[in-house]
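First up is the structure itself, then whatever we jot down about it.
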Protein chains: 8
Amino acid sequence: MQAKVSIIMGSTSDWSVMEKAAQHLDQYQIPFEIHALSAHRTPEAVEKFAKEAESRGIKVIIAAAGMAAHLPGVIAASTNIPVIGVPINASLDGIDALLAIVQMPPGIPVATVGINGSLNAAILAMQILAQGDNSVAQSVKIYASSLKDKIEQANVEFSKIKFNYKTN
Amino acid sequence: MQAKVSIIMGSTSDWSVMEKAAQHLDQYQIPFEIHALSAHRTPEAVEKFAKEAESRGIKVIIAAAGMAAHLPGVIAASTNIPVIGVPINASLDGIDALLAIVQMPPGIPVATVGINGSLNAAILAMQILAQGDNSVAQSVKIYASSLKDKIEQANVEFSKIKFNYKTN
Amino acid sequence: MQAKVSIIMGSTSDWSVMEKAAQHLDQYQIPFEIHALSAHRTPEAVEKFAKEAESRGIKVIIAAAGMAAHLPGVIAASTNIPVIGVPINASLDGIDALLAIVQMPPGIPVATVGINGSLNAAILAMQILAQGDNSVAQSVKIYASSLKDKIEQANVEFSKIKFNYKTN
Amino acid sequence: MQAKVSIIMGSTSDWSVMEKAAQHLDQYQIPFEIHALSAHRTPEAVEKFAKEAESRGIKVIIAAAGMAAHLPGVIAASTNIPVIGVPINASLDGIDALLAIVQMPPGIPVATVGINGSLNAAILAMQILAQGDNSVAQSVKIYASSLKDKIEQANVEFSKIKFNYKTN
Amino acid sequence: MQAKVSIIMGSTSDWSVMEKAAQHLDQYQIPFEIHALSAHRTPEAVEKFAKEAESRGIKVIIAAAGMAAHLPGVIAASTNIPVIGVPINASLDGIDALLAIVQMPPGIPVATVGINGSLNAAILAMQILAQGDNSVAQSVKIYASSLKDKIEQANVEFSKIKFNYKTN
Amino acid sequence: MQAKVSIIMGSTSDWSVMEKAAQHLDQYQIPFEIHALSAHRTPEAVEKFAKEAESRGIKVIIAAAGMAAHLPGVIAASTNIPVIGVPINASLDGIDALLAIVQMPPGIPVATVGINGSLNAAILAMQILAQGDNSVAQSVKIYASSLKDKIEQANVEFSKIKFNYKTN
Amino acid sequence: MQAKVSIIMGSTSDWSVMEKAAQHLDQYQIPFEIHALSAHRTPEAVEKFAKEAESRGIKVIIAAAGMAAHLPGVIAASTNIPVIGVPINASLDGIDALLAIVQMPPGIPVATVGINGSLNAAILAMQILAQGDNSVAQSVKIYASSLKDKIEQANVEFSKIKFNYKTN
Amino acid sequence: MQAKVSIIMGSTSDWSVMEKAAQHLDQYQIPFEIHALSAHRTPEAVEKFAKEAESRGIKVIIAAAGMAAHLPGVIAASTNIPVIGVPINASLDGIDALLAIVQMPPGIPVATVGINGSLNAAILAMQILAQGDNSVAQSVKIYASSLKDKIEQANVEFSKIKFNYKTN
């Protein structure tokens, strides 16, 4: 089984946030790998990873980082496949990581999702994989159609709330 | 009993904030309804709700949302009745939701209240209802005249605090 | 002719922003008045204005202010009719005015629109007036249906842009 | 005993912050009073308080408020004695209150201290009182000379910390 | 010629920013279309566009918006193809648009690029198209390899700068 | 003639902002002096100035600074007379200077006014001088009573604006 | 043993953050001292310290401060050796301290590290010491080469996580 | 002549800011070089540069970058000599670049100066060089002693300003 998505982060402390990305890919049977890499602690390993990812069969990279979050941008600089950046809230409510990831200079984009938005990173990764894989496209649709379930459940909950002047 | 105010939110987790709006309307005998809707999970239901609200007799909509809070603006785009937006503090202290609600482009206003300001949303809704309903106008006045009570109680509390050089 | 909307601001320098509100009301034949008032320079006049507005027939107040923008909140404290607050960008890109207007404490709401959002203030004022006035409700609908015109014109403009690989 | 400093706040919940101001004034035998007032809930009482403060013998007013903090500015608008504003951290880390207090328009200053800076408000009040009262000037000096004590104690603590390569 | 990328914006005033995206796609022979759509002015047209885009052959949508920028998220809610969001600096230096686009709730991602980052949006779109199209993959590589040219030119410029103690 | 107020700034570039403070004091016949001092360029001169100010007859110090604005706080650390801090907008819209001045630690207050708020600094200085000088107290009242003039003039201007549905 | 690095802070409450700097220097056998100093409480001691540090053999100063953090800049104003500033998160998530330290005016730099970044301050101090001391240069290299260990351990942890579609 | 300081930036557009650093080093006869490098456009050149800098005789690196400013941190990750980071104001008033440079994770510091603070970067570089070079130490002292000149000149200017109640 060849991984199509690579989930990268700099620390085990990021796992509690990134776990949702792995769970989503796993649920929809998308082969993925998980690596610890750091733009600052292991720059050579990052470059090697980024350069080899495409030829290893990786189609999308999800890179999470906090603070002065350089990892997604540094990976994007050495690969041609899409890099999804997940800003981790490690300081300043995550606004430093968001800006350090999204404000990339012209030429090297990082597809940025919201602060701690690991689930959305996985969904976006699948939307991208779906470009070349119809079965993933089917999974994307199945997931999308499931989104309204949570709202319907919320409406059931709200229907149980009683007030004298509540009409529904 | 026909609801005049519709309270809309995207998740049961918003209820702890929005409960105060419902309590206030209930206390002043304003018929209201509560719905879960999401600009992103149930866009068609949002559009249907917004388009039908006025003809169902709804006079004001209170819409709460957090993060990239699109719900109030999206509802406002499909109705002509006033939409009150309540930014929910779900991330970044709620500043993302505030900006995503209040900074509407020219043409489609959302009457925005403070972060987590559900009580003020209900009070504002009643001020608006009062335009066409004298009994609501009376309720608005009764509530307003009650506001000084909390200050008077605070003064009683402060009068009990003892210092050597405190003169009152 | 009795004014139904009162447009309040603290300085002639605010007029370049607030002019759009007056123009919109004028276009839709909503009688309005314009006053200069300052929560800090003329506090007594503000209080007198706020207390008498309703009995003079004013239905909605639009109050604009910049910096530590107290005017909308101070007016709201002395009236029961809806107060729409317009944050003026006079410093800090207007973020100080926005927070000083929207973050009202529980009990006294200000219906806040975006920074320099005077047109939206007028539109919201008409949505509120429409609660008790069917002809205004008609005007609100007419304006709303005109909104798509600007988009249609933009599409005409975009259709004229030529690229080799542009398909429309 | 006639109060020289008036400590004003809008809620009993502000007392935990403002208590330090009262303690400092009490320690240095400055007569003071404590009142609950709200620019929004009791605007008339605020105006009456502000207009009468000087003739009652009040020399400095310390006004604390959170969120869209209008109280210090509104009091300053109706008195000629100095008003010290204390931004309370009730939302957004207190940045909304800070901006709503400090960014006063030209003509009506509020002497603003840091967020939750009640002790500094009391020290500043005494510096102002000292202008016309030599005994207070003496107290200001005594307090100032005590400030280095805390640093000296910290140095004693630091001298006890042991490391192999720590030289002091 | 069937468009593969759809560039969407709400106003002709956004064109000066978005032009770079069109130029990049045109340069690399990616068929694209340009539409004016507004989440607020033409909500039905947005929904129709979003629902039909995939079946019309669109593979990626680039959506630009300023202020309370709802367009990218609203489109993403009604399609399964990737949506790239470009925050436009129309107010507050673009931070409102950035937050309103990137902070999407779980379930509906928007691949966000930097403020006014239209060129990066086009590059990212091509990286995504490359998943299912080898010739686009080739173009992505060609463009990436050209990036160092600008740096080399800068080095030529810097080599011409003369100082007494400059060694290169 | 002995100066009672000392206006301090770090650069001639601050003069365009601080000129209003000098003009206001001059208009109300308050003797003042102007010095260039820098917490960083001339720390010893700052300390000497701060320590000697009171004995030279200075009653209030107005200190302006931009960026990492240390001057007001450093002066406050070496004097017992009130120090009014004026944040200068030299970078980041002045928010750095505001925070560097107002957020003083417990023990050493700086009476902070708004960004570029030099006029308010002079007014506050006079309110403080008025504590021990009845003629200054009279000047403070005269100035305060003049504040409404600008509003009255604005009302005259607004009365000249003509619209079909403007009622005043 | 002569201290080469001086660690300065204003309060024992800063020790929990600054302890890591001391531990790092101790581990690499760099003699250091710890002092409590305050730009506001003990300005004379600060000046004396700064002026004498170099002649006492101190090569680098690490100065930590929170809120309106003046200590690093004030020390830098009176010494010619490098001053490393550590912003302490004591309010506003530390953004006030960061700006008050880093935004120094031209002429007097403070080498600023991240909020609560005491370990990085120590590492930077050693990089500076290494300029004139080969044994410290060796220690810097040893530490740098150890950085990848944490990533390798993280990879071991990640390799233990099991998912059905995880490939590594 | 062997360069001791390397000034690095990503674009010729940064030169107008960075020129002051070069001028300062040149004035004090510090050999330096200027290179264009980009963490994103030329990652391999950056790594090569960083790894070889020390052995080429470079003692300090000054790296400037704007937006998601990765260059200083990426260089710091591959060298053991001090890296001084200069945030360039290219967007968001430079706050994005400041956070992306200063908020480095534990292990790899960047000595950050203020936004556009190129002169301070050069001064700091000389303070660091002075650790191992007495003649540079002398230059640092000469420059420091010149700082008060600008203040003295400002005082001359201020002495020429005439007011009726100005006493100096």
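Chain letters run A, B, ... following the sequence lines, proteins first, then strands; residues in each count from 1.
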Exercise. When only pairs under 4.5 Å are counted, which of C:E44, C:R41, C:E47, C:H40 shares the most heavy-atom pairs with chain D?
Worked result: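 So the answer, after comparing C:E44, C:R41, C:E47, C:H40, is C:H40.
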(request) Sort out for me which of C:A76, C:G73, C:G107 touches chain D most, counting heavy-atom pairs under 4.5 Å. (result)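 That would be C:G73.
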Between CD1 on residue C:I95 and CG on residue D:D96, distance to nearest 0.5 Å:
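It is 10.5 Å, given to the nearest 0.5 Å.
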C:L71 side, atom CG; D:H70 side, atom NE2 - distance, nearest 0.5 Å: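 That separation rounds to 9.5 Å.
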Tell me, side chain or backbone of C:L98 under 4.5 Å from chain D's heavy atoms, or both, or neither?
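C:L98 has no heavy atom closer than 4.5 Å to chain D.
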Which atoms of C:A69 approach chain D - backbone, side chain, both or neither, heavy atom under 4.5 Å: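 Contact with chain D involves the backbone of C:A69 alone.
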Write down the atom of D:A77, the atom of C:A39, and the distance for their closest heavy-atom approach.
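Heavy-atom minimum between the residues: CB-O, 3.6 Å.
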Minimum heavy-atom separation for C:P105 and D:M67, please, with both atom names.
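That closest heavy-atom pairing would be CA-SD, 4.2 Å.
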Looking at C:D149, I'd like to know if its CG atom is crowded, meaning that more than 12 non-hydrogen atoms belonging to other residues, nucleotides or ligands lie closer than 6.0 Å.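 Yes, the 6.0 Å shell around CG holds more than 12 heavy atoms from other groups.
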